[in-house]
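What follows is one structure encoded as structure tokens, with my remarks underneath.
Residues: numbered from 1 along the sequence shown. Note that ligands are numbered from 1 as they come in the structure, with each ligand's atoms numbered from 1 the same way.
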Amino acid sequence: MNADTIIQATNVAKWYGTFQVLKDINLTVRKGERIVICGPSGSGKSTLIRCFNRLEAHQEGDIVVTGVTLHDKMKDVAAVRRNVGMVFQHFNLFPHMTVLMNCMVGPMWIKGVKSAEARKTALQFLERVRIPDQANKFPVQLSGGQQQRVAIARSLCMQPAVMLFDEPTSALDPEMVSEVLETMTSLARDGMTMVCVTHEMGFARAVADRVIFMNSGQIVEEGKPHDFFTNPQHERTKTFLSQIL
Ligand code: ADP
Ligand code: MG
């Protein structure tokens, strides 16, 4: 495996009971790459990226993340999660903690960072997502777009090797989508390795190195954004694009 490889999935398969949700998935994510995954609801997009930080377990094939092979007998799943940031559709902030504490607890509890240093890092990343002034508020006092930017800052505080995004703008009111996409675009410009499940095709065109289309648990097609959007090869991809564009 190339030293630049952050995630390598080889012939990955997964079942929920008797239902096969992932079928022979092969995907390599290299350092600095921006991958967009799209596809119809239920096609397995969330399940796939949740396998990358071991929120879900796969049953066949291999997944190697930052050099660590994911398997049932792993001793230290936390070591993988430390390296893999994840941003969810519904933000998943800790409601009983301030914005600042939301950003401090990961480094403090998981990495053993001292509170003064965690605070400094948290403020730096809240600045990075342009909401340092909200640091002492609670999540419920923030707009959806602000909450999602806190969720991004919170992940960044762990200094992950890769960031996974699972439809980060789908739960937002329309007027808040762009502020989150701008934050993601700026991360991409800074060279962050990113795997984004999103149907924001403007973002995909502007930022993605590769767009991957999933259907029924399979990667049906992948290509550079320009080729993918202007000249999709598969009938299923064409239908999907005609529905969302
Ligand atoms: P997507 O993110 O593309 O919408 P998901 O990965 O969430 O797709 O789901 C893929 C399929 O797996 C769907 O049919 C969904 O109903 C099913 N599924 C997802 N999570 C579970 C689960 N925990 N148990 C059983 N089936 C699940
Ligand atoms: Mg999903």
Which heavy atom of the protein is the closest neighbour of [atom], given with residue, atom name and distance?
atom                    : answer
atom 3 (O) of ligand 1  : K45 NZ, 2.7 Å
atom 8 (O) of ligand 1  : G44 N, 3.2 Å
atom 10 (C) of ligand 1 : G42 O, 3.3 Å
atom 23 (N) of ligand 1 : Y16 CE2, 3.6 Å

What atoms in ligand 1 come closer than 4.0 Å to a heavy atom of [X]?
X   : result
P40 : 3 (O)
F19 : 11 (C), 12 (O), 14 (O)
T47 : 5 (P), 6 (O), 9 (O)
S43 : 1 (P), 3 (O), 8 (O)

Has S41 got an N/O/S atom less than 2.8 Å from the Mg ion (ligand 2)?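 No, outside the cut-off.
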Determine whether any heavy atom of S41 lies closer than 4.0 Å to an atom of ligand 1.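 True for this residue.
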Between R154 and F94, is NZ or CZ placed under 6.0 angstrom from the six-membered ring centre and within 45° of the ring axis?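 Yes - R154 lies over the ring of F94, closer than 6.0 Å to its centre and within 45° of its axis.
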Have R128 and S186 got a donor and an acceptor in their side chains that come within less than 3.5 Å?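 Note: R128 and S186 side chains meet the donor-acceptor criterion.
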Check: E56/T47 side-chain N/O donor and acceptor closer than 3.5 Å: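 The criterion, which ignores hydrogens and geometry beyond distance, is not satisfied for T47 and E56.
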Just how far is it from atom CE of M214 to atom CG of L27, taken to the nearest 0.5 Å?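 Separation between the atoms: 9.5 Å.
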Are F240 and H234 near enough that their ring centres are under 6.0 Å apart?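 Ring centroids of F240 and H234 are no less than 6.0 Å from each other.
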Evaluate E56 for polar contact with ligand 1, using N/O atom pairs at a separation under 3.5 Å.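 There is no such contact.
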Where does V21 meet ligand 1, judged by heavy-atom distances below 4.0 Å: at the side chain, the backbone, both, or neither?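 For V21, only side-chain atoms sit under 4.0 Å from ligand 1.
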